[in-house]
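Read the structure below first, then the notes.
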Amino acid sequence: MATSDKLIQVRDLKKYYNDGAIKALDGVTVDINKGDVMVVIGPSGGGKSTFLRSLNLLEQPTSGQIIFEGVDITRKKDDNGKKLDIDLHRQKMGMVFQHFNLFPHKTILQNMTLAPMKVKGLPQAEAEAKAMELLGRVGLADRAGAYPIQLSGGQKQRVAIVRALAMEPDVMLFDEPTSALDPEMVGEVLDVMRTLANSGMTMVVVTHEMGFAREVGNRVLFMSEGKLVEEGAPDTLFNHPQSPRLQDFLSKVL
Amino acid sequence: MNFITIGQNILKLTAKYWDKFLITGLGYTLALAAITVVVGAVLGSLIALMRMSKIPPLRWIATVYTEIIRGTPMLLQLYVFYFGLPQLIPFLNRKQFLCVAIALVCNSAAYVSEIIRSGIQAVDIGQTEAARSLGMSQRLTMTEIILPQAIKNILPALGNEFIMIVKDTSLASTFFIGDLMTQSLLIRGKTYLTMEPLIMVAVIYFVVTFLLSKLLAVFERRLRRGDIR
């Protein structure tokens, strides 16, 4: 596979706490290709979220490289001594959080237009048109003037997804996007994510939704104790798990 | 104690000393409080920024400052500033009002900085993460996302602090700088009456702080509008 197909290359990524007493990430190496829908599964505390949050440097890794679109974003300066502007790279990596993290003091429309206008300098009319189009896609155009508190959990998460999409990212990172939702709202969020995956968006999804992993993911990573234990296509991984730890995990969640 | 006599005395004293003592005293008190509130808030914001700074020495200085101010009595601070400042800065010689005002400002700034810092840090970390993940800079995140939300945490506590300041200016009477409390002492000296002047200024203090708290309640209600379903 050509290098240009590799969107994110993760090299020996480590994240230690307390001088190495706690190893949240213990040497993870993986390539994320354009168009991948990579689902990360594993037990709680296994490093899934830390891995995902390291990709856009919300967590500062202890060591290792993250090469995003050819640039090692873990380096503070490049070879010419130019300082790395992480904000620039984060614009290209949308992120969706477990607890939505919509801005409560702004309307849904303002939530969506803020970054495109202030960061990318888009004119208001253009940003709003784009936001309305995206809101329409997730069936929430009529809630544009509402405040986040007026929305249900599922609606909030759909807004959070399109808020990230409004920046036109090259990859979308999902950190347990359905874990804080009431069961009857999980479906509507997964539907949006499925549609997004079908549109060709590169996605990295940390989730406990095994059905989604199986059906939508093209690659599944199993992480445990900070290590990437097993990786493969969903069918292979779920039906023929190799490692005892994955077998044990699947026997509990399936 | 004869309440009827006291009541009659208060009416008489009020009529006699209204403009000369009470209005003057209220003027000094409000001026002192206004200076303390405004300059204290500005200075307090700066100290709060220093305490949250990435540069360790700035953090240390701000922390030591707030801890010293919070850990020593205000009356003592007033004495130190009143006698120490003119020695340090000759310009302030015999400018008692200014010395006391500076002491109050320095005291208030420490408390305000704690109010602001805790208000900012009380905003969910997820808000920062969401903003940064959208590519927003640290500054933009602060001005667009964190501060507008922190204001709602800060304002009620800041209102309390302002009301405290109005009352704390009474300590300035230790140095007879003309505030309400000073005036009550002066009236006592002229008339040999103790309770009457105290009750008179007590009423004035109460009215001022009560109006202030009502005013702040209006502000708070306005800020909460976004939270209502």
Side-chain angles (χ1 to χ4, degrees), chain A residues 49 52-53 55-60 85-107 110-121 146-152 156 159-175 180, chain B residues 41 45 48-49 52-56 58-59 115-159 216-229:
Chain A
S49 279
L52 190 79
R53 292 159 54 83
L55 294 180
N56 65 351
L57 295 196
L58 282 186
E59 299 281 353
Q60 198 66 46
D85 184 2
I86 186 62
D87 297 337
L88 230 53
H89 299 284
R90 280 182 176 148
Q91 291 174 35
K92 296 270 143 215
M93 305 169 136
M95 192 165 202
V96 175
F97 301 85
Q98 184 177 355
H99 295 288
F100 329 129
N101 297 347
L102 296 183
F103 307 132
H105 58 301
K106 299 201 178 284
T107 63
Q110 288 167 343
N111 260 276
M112 295 188 58
T113 55
L114 180 70
M117 283 164 60
K118 297 271 178 182
V119 179
K120 280 181 149 182
Y147 283 90
I149 196 168
Q150 297 168 300
L151 267 52
S152 72
K156 282 186 206 174
V159 171
I161 292 171
V162 286
R163 177 178 68 177
L165 287 176
M167 289 298 284
E168 301 180 325
D170 295 337
V171 56
M172 286 282 285
L173 312 174
F174 293 83
D175 191 4
Chain B
S45 311
L49 286 180
M52 292 180 293
S53 158
K54 278 184 196 153
I55 306 159
L58 286 182
R59 242 179 10 239
I115 290 169
I116 292 174
R117 183 186 61 85
S118 63
I120 287 174
Q121 288 178 347
V123 176
D124 182 12
I125 182 76
Q127 293 288 310
T128 306
E129 292 182 347
R132 297 309 299 277
S133 78
L134 287 166
M136 291 168 68
S137 67
Q138 200 173 3
R139 176 181 292 262
L140 198 57
T141 302
M142 195 50 137
T143 55
E144 287 288 334
I145 304 303
I146 305 303
L147 283 182
Q149 295 184 61
I151 287 286
K152 290 181 192 177
N153 306 329
I154 291 171
L155 206 73
L158 210 54
L216 286 159
V218 173
F219 271 118
E220 269 174 54
R221 263 203 302 280
R222 280 202 183 169
L223 279 178
R224 298 239 174 271
R225 272 193 307 206
D227 297 348
I228 300 161
R229 253 169 213 275

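We use all heavy atoms of the structure for the numbers below, so side chains are in, but hydrogens, waters and symmetry mates are not. Throughout, protein chains are lettered first and strands after them, A, B, ... in sequence-line order, and every chain is numbered starting at 1. Everything numeric here is computed off the predicted structure, so don't read it as measured data.
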Interface residues of residues 88-97 of chain A facing chain B - non-hydrogen atoms under 4.5 Å apart: A/Arg90, A/Gln91, A/Met93, A/Met95, A/Phe97
Does A/Asp175 use its side chain to pair, donor to acceptor, with the backbone of A/Ser49 at less than 3.5 Å? no
Taking side chain as everything from C-beta outward and backbone as N, CA, C, O, which of these in A/Lys106 sits under 4.5 Å from a heavy atom of chain B? Side chain, backbone, both or neither. side chain
Heavy-atom cut-off 4.5 Å, strictly under: side chain, backbone, both or neither for A/Leu102 against chain B? backbone
4.5 Å side-chain heavy-atom contact, A/Val159 and A/Phe100: no
Value rounded to 0.5 Å, distance of OG in B/Ser133 from CG in A/Leu55: 12.5 Å
Indicate yes or no: at least one non-hydrogen side-chain atom of B/Ile145 is less than 4.5 angstrom from one of A/His105. yes
Toward chain A, the part of B/Leu140 with a non-hydrogen atom under 4.5 Å: side chain
Structural part of A/Arg53 lying under 4.5 Å from a heavy atom of chain B: side chain
Please list, chain by chain and in numerical order, all residues satisfying side-chain contact (heavy atoms from CB on, under 4.5 Å) with A/His99, sequence neighbours excluded. A/Asn101, A/Ala180
Checked A/Asp85, A/Val119, A/Thr107 vs chain B; the most non-hydrogen pairs under 4.5 Å come from A/Val119
Side chains of A/Arg163 and A/Phe103: closer than 4.5 Å at any heavy-atom pair? yes
Rounding to 0.5 Å, atoms CD1 (B/Ile120) and CD1 (B/Ile151) come to a distance of 8.5 Å
Between B/Gln138 and B/Thr128, is there a side-chain heavy-atom distance shorter than 4.5 Å? no
